[in-house]
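In what follows, a structure is listed as structure tokens, so that the remarks can point back to it.
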Amino acid sequence: MRLGRTFSRAFFDRPCLAIAPELIGAYLVRRLADGTELVGRIVEVEAYLGDGSDPGSHSHRGLTARNRAMFGPSGRLYVYRSYGIHTCANIVCEPEGHGAAVLLRALEPTAGVERMRALRKLACDAGDREIASGPGKLARALDLHMGHCGAGLFRGAIQLRRAAVGDARPDVTCSRRIGLSPDPADRRLRC
DNA sequence: CGAATGATGGTCT
DNA sequence: GACCATCATTCGT
């Protein structure tokens, strides 16, 4: 595994539909309180629009206490609780006030794998694929929680880093959304 | 395998 | 009071 630089702030002030596929192959780096570094390569994301055309987006009905971070500065996390049980993490995109974000749906673990397995309370022989193959699993594996809502991704305990120059570029495919009502315009929101 | 389902609680109407 | 940007488990094939 070779890590590149963090993304520039300007990178995130662009349309979330453009950002989403470019996040595939990037690395999410999580440093725990005891110094353990957990790293995963992003393999699946989903865009949630802020222009009012996406009924599935949390921002669709305007600013609320829960989705406040989604309307805040880009390049930060928007974290929410799902089904009362699970935690999901998004990256806020576009200029402040737009309400656009990209949901982190799955990672391929690349460092700190044993610790992730423990955080997920998985058996020692569980496959790496099980560790972060879903938004709720991903947050649990990296110990992301509501306290991280609004946290920046440029420095500190949670960072998003480009793949190193020369890394094989992953094949990126985009498809329609699943798991909630389909996008009315059938846009390719899932990557 | 795949499909069905209960858990569980904050948020919004 | 309804609705979830989900997951693990259970049951059927």
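In what follows, every heavy atom counts, from backbone to side chain, and hydrogens, waters and symmetry copies are set aside. Quick note on labels: first sequence line is chain A, next is B, and so on, each numbered from 1. None of the values given here were measured: they were computed from a predicted structure.
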Looking at C:dT6, I'd like to know if its phosphate oxygens (OP1 or OP2) sit under 4.0 Å from a side-chain N or O belonging to A:R81. no
The Watson-Crick or G-U wobble partner of B:dT5, with both key distances under 3.5 Å, is C:dA8
Can you find a side chain N or O atom of A:H58 that sits less than 4.0 Å from OP1 or OP2 on C:dA5? yes
Side-chain N or O of A:T64 closer than 4.0 Å to phosphate OP1/OP2 of B:dC12: yes
Rounded to whole Å, how long is the line connecting atom CZ of A:R129 with atom P of C:dA8? 14 Å
Can you find a heavy atom in the side chain of A:I158 that is under 4.5 Å from one in the side chain of A:L144? yes
Over 12 non-hydrogen atoms of neighbours within 6.0 angstrom of CZ in A:R41: yes
Answer whether the closest heavy-atom distance between the side chains of A:V45 and A:I24 falls below 4.5 Å. yes
Between C:dA5 (P) and A:H60 (NE2): distance, integer Å: 13 Å
A:R66 has an atom CZ; how far is it from atom C1' of C:dA5, in whole Å? 9 Å
Using atom CZ of A:R140 as one end and atom P of C:dT6 as the other, report the distance to the nearest whole Å. 16 Å
Considering Watson-Crick and G-U wobble pairs with both distances under 3.5 Å, what does C:dA2 pair with? B:dT11
Taking the nucleotide of DNA chain B with the closest heavy atom to each, which residue, A:I85 or A:M146, is nearer the 5' end? A:I85
Pi stacking test for A:Y83 and B:dG9: under 5.5 Å apart, planes under 30°: no
Could you tell me the separation between the NZ atom of A:K137 and the P atom of C:dT9, rounded to a whole number of Å? 11 Å
Gap between atoms CE and C1', on A:M70 and C:dA5 respectively (whole Å): 9 Å
Separation of C:dA8 atom P from A:K121 atom NZ, nearest Å, is 12 Å
Does NZ or CZ of A:R14 come closer than 6.0 Å to the centre of the six-membered ring of A:F11, within 45° of the ring's axis? yes
Going by atom types alone, do A:N67 and A:S59 pair a side-chain donor with an acceptor below 3.5 Å? no
Which of the following nucleotides, C:dA8, C:dT6, B:dT13, is nearest to the side chain of A:R120? C:dA8
Nearest-Å distance, CG (A:L144) to P (C:dT6)? 16 Å
